[in-house]
Number of protein chains: 2
Amino acid sequence: MILSIDLDSEVPIYVQLRNRVTEAIAEGVLVAGNPLPTTRALAADFGINFHTVNKAYDLLRKQGLIRLNRKTGAVVITPSPDTPFRADWAARARTLLAEAVAKGVPADEVLTTCRSVLQSFDSPHSEDTP
Amino acid sequence: MILSIDLDSEVPIYVQLRNRVTEAIAEGVLVAGNPLPTTRALAADFGINFHTVNKAYDLLRKQGLIRLNRKTGAVVITPSPDTPFRADWAARARTLLAEAVAKGVPADEVLTTCRSVLQSFDSPHSEDTP
DNA sequence: CATTTGTTCTATAACTAATAGAGCAACTAG
DNA sequence: CTAGTTGCTCTATTAGTTATAGAACAAATG
């Protein structure tokens, strides 16, 4: 797995890590059952502290996207999109969509952008279909 | 104008203020030329410090949504959806959409939610059309 | 000219981000 | 059963952010 983070970004490292893993799951690069690198290994890869990785994994666990086992490590799980999540997500979507509309981007263009992003998640990402 | 903020939220007050104003512009409640309350007046309304409101207004100015004049106060302007904005916005949209898809929400349901939010912005919000 | 308003400066307390080290608890492999 | 790995917890420090606060300046209106 190749995760890229920007140490100079204004976005906290642990948030970037959470976002990248979340996107990898959405893309199908990571599916239920797949293991994530250990906190210490991933921290060593990026040259950051393992506590920072730990924080990102903890966020993902609270999001209900991974399960953390001692010794086995972090594993992607099959999520359940419950009602509280949908409500919270819709509120955040409203804020983000408002930002584009307020900036003058036409509603249909906004929707087209969303559609193409969603389509990019749908396209297959298997390594063993040559 | 009625802006509501939650002092107990984990979202910083100045971010909430920016979000509410952004949404009001997207909804058409605020249109180009409309004045915003003065920083001191809005701060008094919410019982918060005027520096906090100042920070929110400064964000909105950097977003290109309002113009700040001495004495005249803050005024909503006609924005220009430039390319850098679209690219940055698309990246953030990707992260948010990934969150829903990774959580198991079907892509078409995500798109439907976005569409209904955008439609809620389109519906008229004029006070003088009985 | 006087008032209002955004702007800027300094300052402080509480919180967050990231790093760091130490050690505990559980699980697997040998 | 032992040894090692790994998540987890604890304390601690440094740097930055959030929100508050007071004071004063600059520009534009009336």
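Throughout, a chain's letter reflects where its sequence line sits, starting with A, and its residues are numbered from 1.
- Considering only heavy atoms from C-beta on, A:Phe121 comes within 4.5 Å of B:Arg94 through its side chain.
- At a threshold of 4.0 Å, the pair B:Asp58-B:Lys55 does not count as salt-bridged, since none of the basic side-chain nitrogens sits closer than that to a carboxylate oxygen.
- With distances taken from any side-chain atom of A:Arg70 to the nucleotides C:dA25, C:dA20, D:dA19, the minimum falls on C:dA25.
- What separates CD1 of A:Ile48 from P of D:dT14 is a distance of 21 Å, to the nearest Å.
- Between B:Val21 and B:Leu65, the closest side-chain pair of non-hydrogen atoms is not below 4.5 Å.
- For the OP1/OP2 pair of C:dG6 and a distance below 4.0 Å, the side-chain nitrogens and oxygens of B:Tyr57 include no atom meeting the criterion.
- For the pair A:Asp8 CG and D:dG16 C1', the interatomic distance rounds to 15 Å; values are reported in whole Å.
- Annotation: of the two residues near DNA chain C, A:Leu7 and A:Phe50, the 5′-most nearest-nucleotide partner is A:Leu7.
- Counting to the nearest Å, the P atom of D:dC8 and the CZ atom of A:Arg40 are 11 Å from each other.
- Distances shorter than 4.0 Å separate none of the side-chain N or O atoms of B:Lys55 from OP1 or OP2 on D:dA19.
- Taking 4.0 angstrom as the limit, B:Asn69 places none of its side-chain polar atoms (N or O) nearer than this to OP1 or OP2 of D:dA28.
- Each of C:dT19, D:dA19, C:dA17 was ranked by its minimum atom distance to the side chain of B:Thr52; first place goes to D:dA19.
- Distance CD (B:Glu10) to C1' (C:dA14): 17 Å, rounded to an integer number of Å.
- Listed candidates were C:dT7, C:dT19, D:dT18. Nearest to the side chain of B:Pro12 is D:dT18.
- Atom-to-atom, CG of B:Leu17 to P of D:dT20 comes out at 10 Å; the value is rounded to the nearest Å.
- Checking B:Ser120 against B:Glu27 by side-chain atom types alone, no donor-acceptor pair falls below 3.5 Å.
- As a whole-Å value, the separation of B:Arg61 CZ from C:dG6 P is 13 Å.
- For B:His51 and C:dG6, a side-chain-to-base donor-acceptor distance below 3.5 Å is absent, hydrogens and geometry of angles not being considered.
- Remark: B:Lys71 is not in phosphate contact with C:dT3, judged by side-chain N or O atoms under 4.0 Å from OP1 or OP2.
- Protein atom CG of B:Leu68 is 15 Å distant from nucleotide atom C1' of D:dA26, rounded to whole Å.
- Atom CG in A:Asn49 sits roughly 17 Å away from atom P in D:dC10 (whole-Å rounding).
- The only member of B:Ile5, B:Leu60, B:Leu59 that meets side-chain contact (heavy atoms from CB on, under 4.5 Å) when paired with B:Leu17 is B:Ile5.
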